[in-house]
Amino acid sequence: YNAKENQARFQSLSDRSFAIGNLIGKARYFNPALNITDFKKQWYKTHPEFDRKNYSSRADGRTTDKKFSADTHSLQAELREVKRKLADFDAEKTAAIEKLKPTIVSFDKDFVFSEEILTAAAFAKLFDGKAFSDFKAGIQNQNTKNSFLLEWRATVKDKVEEVKERHGELLARQKSINAKIVSTNFIATHDKLKNFNIPDGYSVSENGIEKIVGDKSLTVSRVPAFIQAKRRNVDAKTFKYVLAYLAENGTWQSLPTTGAEIIFNARKLIDLAAYGLPVTSTNANLFVDYLDAYKVANEKNLPMSLIVNRCGWHNEFNSNGKYYFIDPRRKNFISDAERNIEIVVDSSKTFAQSLKSVGSLDEWRKAYDIAKKSPIARLIVAASVAAPLLNILGERNFVLYTHGNTRGGKSTCLLLGASAVGNSDLVNSFDGTNNGLLGKAAETTDYPFFVDEKQSADARLKEQFQRFIY
């Protein structure tokens with residue numbers, strides 16, 4: 001609600017009545033006395049397109065986000081309990097220190113070594129140095145033996161650690177709960193995060209990510225970031241992840257799919273700074289720890305896609321051996337018992353673009369009606385459209401090699417064959433390296449693979465031509 005002063009942010013949300021209503025609803029949830037009448041009048045006046053129905057249903061303070069409401073109630077109850085224990089601790093501290101202040105006639109051993117006085121001295125040592133020093137001086141004045149004082153101080157030291165640990169646990173618990181409340185509120189106002197969990201020991205807000213260490217915190221990142229999705233490569237048996245972070249303009253930016261060997265390695269994670277992720281050599285280790293904790297906390301929540309290194313037919317996605325044809329031009333999904341799983345092709349953009357349709361089917365048919373009078377042209381088109389059928393028909397692949405005089409139409413026939421399944425970008429040249437061509441051939445599994453101008457191949461490739469083919 002206080003963000004109404006930040007006009008830039010409100011302008012960016014002007015078309016999101018649901019989001020505005022949600023924010024105000026939560027503001028009223030935490031402060032029932034909040035008066036939003038003036039704000040509503042101002043908002044309606046300056047934003048006539050605002051959806052009042054959505055706004056009213058959200059801004060009446062009765063948020064319909066049950067998970068947010070339940071989590072907040074639980075955390076607030078925990079916080080109240082911790083604050084009560086801290087208040088009890090403070091009362092105990094005050095009463096204990098008071099026991100050291102009255103003038104005492106005798107500092108005999110039974111008295112100064114009693115549990116009550118040792119505890120009082122421990123509180124004074126931690127929170128009231130003068131009271132502790134005065135009491136210690138009284139012991140020293142009435143007991144000339146130095147060993148007596150040394151023994152007492154050693155005993156008090158052990159008691160100090162007990163009191164310090166008890167107090168530290170309460171402060172750490174309070175810090176942790178506050179961090180969870182901040183994270184819960186942040187998640188509730190960002191749809192991209194609503195199904196995810198913030199790992200224990202971390203606080204995530206618009207101010208960034210902090211790691212909670214006891215009653216203190218370490219800055220992990222100056223902006224919030226999270227793992228958006230997980231992808232498993234069914235060919236390489238490896239995992240990749242998609243990271244996202246909140247940019248300065250208030251929008252979530254997704255990074256390119258990145259291997260686990262990079263995002264969980266501090267030295268390699270820094271490379272993602274080139275895409276805007278605020279990671280440096282200073283915070284890289286903390287960032288990796290956070291991402292690992294986030295992955296563990298959301299193992300069942302992360303949307304998972306499967307990655308394949310090649311296009312075409314696949315039957316390794318399920319136990320029934322059903323075949324799926326993977327096309328890099330569109331989103332591919334398979335269905336299991338619970339959900340649809342997206343299949344992502346880890347191929348070059350060039351190949352996907354080479355399959356893009358251009359022109360019109362009617363014009364292509366007119367051109368083919370003329371070209372099919374040539375047996376070679378017709379054979380090449382037939383071979384091109386046959387390629388995707390070979391696998392499911394149980395037939396082996398084949399090589400169709402044409403040769404002839406210069407300007408005899410060989411390249412034109414190749415372009416015609418390519419046009420049956422894509423465009424001219426499908427046609428490769430022997431100008432490339434052997435490994436480069438092999439990589440492209442693997443990428444185009446179950447698609448026709450076109451190579452023009454064998455005579456342009458270098459001497460080394462010509463020698464390996466048979467090896468390349470087979």
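Note that these values count all heavy atoms, side chains included, but never hydrogens, waters or copies made by symmetry.
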Residues forming a side chain to side chain donor-acceptor pair (under 3.5 Å) with Lys440, sequence neighbours excluded: Asn428
Could you list the residues that satisfy side-chain contact (heavy atoms from CB on, under 4.5 Å) with Asp88, not counting sequence neighbours? Arg84
Please list every donor-acceptor pair under 3.5 Å in which a side-chain atom of residues 219-227 meets a protein atom from a residue at least two apart or in another chain.
residue	atom	partner	partner atom	Å
Ser221	OG	Val223	N	3.2
Ser221	OG	Val223	O	2.7

Looking at residues at least two apart in the chain, or sitting in another chain, which of them share a side chain to side chain donor-acceptor pair (under 3.5 Å) with Lys130? Asp134
Partners of Tyr245 by ring-ring contact (aromatic ring centres under 6.0 Å, His included), sequence neighbours excluded? none
Going by side chain to side chain donor-acceptor pair (under 3.5 Å), name the residues that satisfy it together with Ser357, two or more places apart in sequence or in a different chain. none
With sequence neighbours left out, write down each residue that passes side chain to side chain donor-acceptor pair (under 3.5 Å) with Gln228, or none if nothing qualifies. Ser254
Could you work out, with ring-ring contact (aromatic ring centres under 6.0 Å, His included) as the rule, every residue matching Tyr202, not counting sequence neighbours? Tyr290
Of all residues at least two apart in sequence or in a different chain, which pass the ring-ring contact (aromatic ring centres under 6.0 Å, His included) check with Phe325? Trp313, Tyr447
Suppose the criterion is salt bridge (charged side-chain N to carboxylate O under 4.0 Å, His left out): which pairs have a residue in residues 271-292, not counting sequence neighbours? none
Apply ring-ring contact (aromatic ring centres under 6.0 Å, His included) to Phe449 and list each qualifying residue two or more places apart in sequence or on a separate chain. none
Give a yes-or-no answer on whether the side chains of Thr251 and Gln253 include a donor-acceptor pair shorter than 3.5 Å. yes
Do the two ring centres, one from Phe89 and one from Phe123, sit under 6.0 Å apart? yes
side-chain contact (heavy atoms from CB on, under 4.5 Å) against Ala122, all qualifying residues, sequence neighbours excluded: Lys159, Val160, Val163
